[in-house]
Structures are given as C-alpha cells and as structure tokens.
2 protein chains.
Amino acid sequence: MRRAQALRDALEQDIVTGKLRPGDRLDEQSLAARFEVSRTPIREALMQLASTGLVELQARRGAFVASLSFRDVVERFEVMAALEGMCGALAARRITEPMQNELEKAHEACVREASQENADAYYYANERFHHIIYEACQNAFLAEQAQQLHARLKPYRRLQLRARSRVANSLAEHQGIVDAIRAGDSDRAERLLREHILIQGERLADFIASFDRAA
Amino acid sequence: MRRAQALRDALEQDIVTGKLRPGDRLDEQSLAARFEVSRTPIREALMQLASTGLVELQARRGAFVASLSFRDVVERFEVMAALEGMCGALAARRITEPMQNELEKAHEACVREASQENADAYYYANERFHHIIYEACQNAFLAEQAQQLHARLKPYRRLQLRARSRVANSLAEHQGIVDAIRAGDSDRAERLLREHILIQGERLADFIASFDRAA
DNA sequence: AAGCCAATTCTTGTATACAAGAGCGTTGAC
DNA sequence: GTCAACGCTCTTGTATACAAGAATTGGCTT
C-alpha cells in the first residue's frame, strides 16, 4: 500500500512548513496513532527522512527534527554554491534552445513578481528559475543533488529575501547568469552562479548576526 | 542491538568488493537466513543502502544491487570533480600546518607505493591523500559528501588505475595540487583537483570504450 | 534537604505473524 | 498446438508481540 512513502511526504511537509520545529521529538507511537498506522511504516518514513538530513536519528533515543547549527547551514550553502556553479557551467555548454527559452521566461517571471512585492510569489518564481538551470545541465545526478540540497536550505533561504535590496540585487544577478548561459560562457556562468549562492549565505549570516544582537 | 548498522556495513562491503554484483537480487528472506536475523533489520539495512545509491528498491519487487549505466558513472565523476575542486579551493585557504604536513606525507607515501608496483597499496595511499584534502577544507558537510561519493565510485576508479602511465600522471598531478595548497592558491588548487578527477572519468571512458570494442 | 542509587516504566529495536500484490505455471478451450 | 485466463505461490509491505536499553521518579542514605 506504499503507506510509508505518503507518511514521508506528510512529515516532510510538516517539517518544511514549520509545523514541526527543529529539535521536536518524533515519537513513533504518537505518529503511528496520528496517522492510524502501525509503527513499522512510521519507522521507514523516519529513516528516509534521516537520509535526507531532515530528521536526526539517535540510537535508542529516537528521532528528532534536525536542527542545523549556524555553521551547518553555512557549510551547506558553500556546497550549494559549488553544485550550482557546476550546473551553470554545464548548462552554458549544453543547454538546449527550448530550455534557454524557458529559462528566460522564468527570469521574466521573477522580474514581474518582484515588482508585485509578493514575497511568496517571488520565491516560487525564483525557485523555478533555479530548477531550470539544474535540469539544463544535462546531468541527472547533479540535478538531483542540487535539488535535494536546495530543498533542504529552503527555510533558510526565505529568511534573507526579506531585505528589499536583496531582491533587486538577486534579479540583477539572474540577468547576468542568463546572459552568460546564452553566450555559452561556462566560466562566467559558473562564477556568477557560485557568487549568487555565496551571497545568500552571507546575507543569511548578516541576518542571523543581527538577530543575535537583538536578542 | 544495533544489528541493522552492522548488516549495512557487511552488505556494503560485499557490494563494493564485488561479491555481490550489480543487478543481483537481494532477497530479504535469504539475507535474513544468512545473517541469522529477522527480516526487519535486513529491511532497515537495505533502505539505508538505497539512500546512498548502492541498492535500488523497486516497489513490491524487492531490492537489487544498483547497476550504474556508463552515463550514470560519468555524471557522478562530474559531480565528484566539482566537490573535490571545492575541497581543494577551501583547503588552500584554510588548511592547518599539521594537516599540510600530513598531506605531504601522504603524497610521499603515494610516490613510494607507486614505485613498488603494488596496485592495491597505491590505491590505499591515494585514497588517504584525497581524504586528507576532504578533511582539510574545514567543511564537515562537504567532506562527508565528497567521501560518500568517493566511496560510491571506488569500483570504477580502480579500473582506470591499471594503465601504467595513469599512475605516473596521477602522481604529477598530486604534486601540483600539494604545491597549490601550500601556496594558498585556491583557484589553482581547485582547477588542478577538478581536472585530476575529470581525467579519471575520461580514462574510465576510454577503458570502457576499448572494452566494448573488444566484446 | 540534597544527592545518589535502584526499580519501574516508557521507548526503541527485533522477531514473528498476517495481508496483499506480483509473477509464474498450469490447464483448458479454441 | 497455441494462447489466454485462472489460481497458486512467493515476496514484499504492514501489524503486532516481545526484548532490551534509557530515562525518570521515588526512596533511601548521608
């Protein structure tokens, strides 16, 4: 009945949306009761989530919603930068004409949404822009890895979009990336994409630092 | 009793060493009988292996030793190149003095083993060299990702070491990498390491191509 | 009164029993 | 003789029962 898969998605949703918060204990029995299944599929779902890093399993102590330290997050942004840079470099060499068109349309959508001042809509347009680059690199494994890490960093990426100026800068960076890919300039595409991500990490660091000072 | 973990390691060993071959069916009952445990920890181990990509789970059809297509392997070498490049770039900026010394000793060990014509010993010396670079980047997540992919590519990397000239070239490349890291030249370290890996992918492609022609 | 030890309880980890779907073989009909 | 359909078996997926370790609480000692 493939229940475990559905459970995995449900729990993932709860974690990403913040319904379950970092550090929360994930008791097998309670979850089993809540979803009206036995502990077996619950355990499967938890292990799958652990493999993606959303959940932390402590031996004989149970499962907890993973809480990334500041350092953990910065480290992941660094890796994300490397992966996206590689995607960009490969995309610049390998992108197909239809994909290039899609990329430019996605960029235009970002510009449109940014002017509407709708943070959520802009976020999704931005997400689509990046996903197209992942696909365009013609390396399914790389695309999958990039997408997985992208998803993992989702809650942290949203934080730093709140700064108004960041959106404007982000759009300018996107334009440069689109241009580099269209020109087939893989070195420039890689460098721009990598910086685009690293800047996000730095902005996040600023945000957290200011938060810490306020507290 | 944490049996699942031990089972995972045992199966992983069997797969990496070739005792279990790509495409082999992993029957839960047989494995349970062989390891004298119930199916439950076997299933846990299989799912963990699936998350690392060593095993492929087909719904309601069971587990199989994952067989990577030629394309899959090339894709993974591309990603490995990006990750190792990043490790090198960060290591050049962040490596500590003791780590630098360890790296140079590891390189010397490679040179020594290469002259002995002992393929296995060289392989392990080479592995240690790369692991030191992973650790030296001071990014635990990146190091973990690199190590995991490195392990996954192990069987394929060994293939291309058979060409004698490859070992000599590999040593020369290592020397360049050591120098770049010592000099703190992150761009050069990144480029050299990336090429070092991409060359392996290409040599492997040559090897497979020649194998296909012979067949 | 405070701290430590022990016992009980609660939770995870494993075994076994049961359900359901997929594959395969056999048999019957054309 | 061949093809198709039905049923059986074998395997996975889920539920439940049992074992073992961890935490907490209560009592005892200092």
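Chain A is the first sequence line, chain B the second, and so forth, proteins listed ahead of strands; every chain is numbered from 1.
Rounded to whole Å, the distance from CG on B/D27 to P on D/dG13 is 12 Å. The separation between A/Q29 atom CD and D/dT16 atom P is 12 Å, rounded to whole Å. A/Q5 has its CD atom 13 Å from the C1' atom of D/dG13, to the nearest Å. Going from atom CZ of B/F64 over to atom C1' of D/dT12 covers 11 Å, rounded to whole Å. Following rounding to the nearest Å, B/F35 (CZ) and C/dG13 (C1') show an atom-to-atom distance of 18 Å. Distance B/L57 CG to D/dT11 P: 17 Å, rounded to the nearest Å. Summarising the geometry, the separation between CD on A/E44 and P on C/dT12 is reported as 16 Å, rounded to the nearest angstrom. Between the CZ atom of B/R3 and the C1' atom of D/dG21 there is a distance of 14 Å, given to the nearest Å.
Checking D/dT14, C/dT14, C/dG21 against the side-chain heavy atoms of A/A4 singles out D/dT14 as nearest. Side chain of B/P41, nearest nucleotide from D/dA15, C/dT12, C/dT14: C/dT14.
The number of heavy atoms from other shown groups lying within 6.0 Å of CD (B/E36) does not exceed 12. Sparse packing is recorded around CZ of A/R71, with 12 or fewer heavy atoms of other residues, nucleotides or ligands lying under 6.0 Å away.
Side-chain N/O atoms of B/R43 include one lying less than 4.0 angstrom from OP1 or OP2 on D/dG13. For the pair A/T40 and D/dT14, the criterion of a side-chain N or O lying under 4.0 Å from OP1 or OP2 is not met. For D/dA23, the OP1/OP2 oxygens have a side-chain nitrogen or oxygen of A/R61 closer than 4.0 Å.
Salt-bridge formation is detected for the pair A/R94/B/E78: a Lys NZ or Arg NE/NH1/NH2 atom is positioned less than 4.0 Å from an Asp or Glu carboxylate oxygen. Taking the charged nitrogens against the carboxylate oxygens, A/E127 and A/K154 do have a contact shorter than 4.0 Å, which makes a salt bridge.
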task: Given side-chain hydrogen bond (donor to acceptor under 3.5 Å, both in side chains), test B/Q48 with B/E44 step by step and report yes or no.
output: CA-CA 6 Å; B/Q48 288 189 41; B/E44 287 205 12; 4.6 Å; no

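Taking for each of A/V37 and B/A63 the nucleotide of DNA chain D with the nearest heavy atom, the 5'-most of the two is the partner of B/A63. If you find the closest nucleotide of DNA chain D to B/R25 and to A/E36, the one lying nearer the 5' end belongs to B/R25.
A/E84 places no side-chain N or O within 3.5 Å of a backbone atom of A/R194 that could act as its donor or acceptor partner.
Of the residues in residues 45-55 of chain A, not one places a heavy atom less than 4.0 Å from an atom of DNA chain C.
A donor-acceptor contact under 3.5 Å links the side chain of B/R39 to the base of D/dG13.
Contact detail for A/V55 and A/L46: the closest heavy-atom pair is CG1-O, 4.2 Å.
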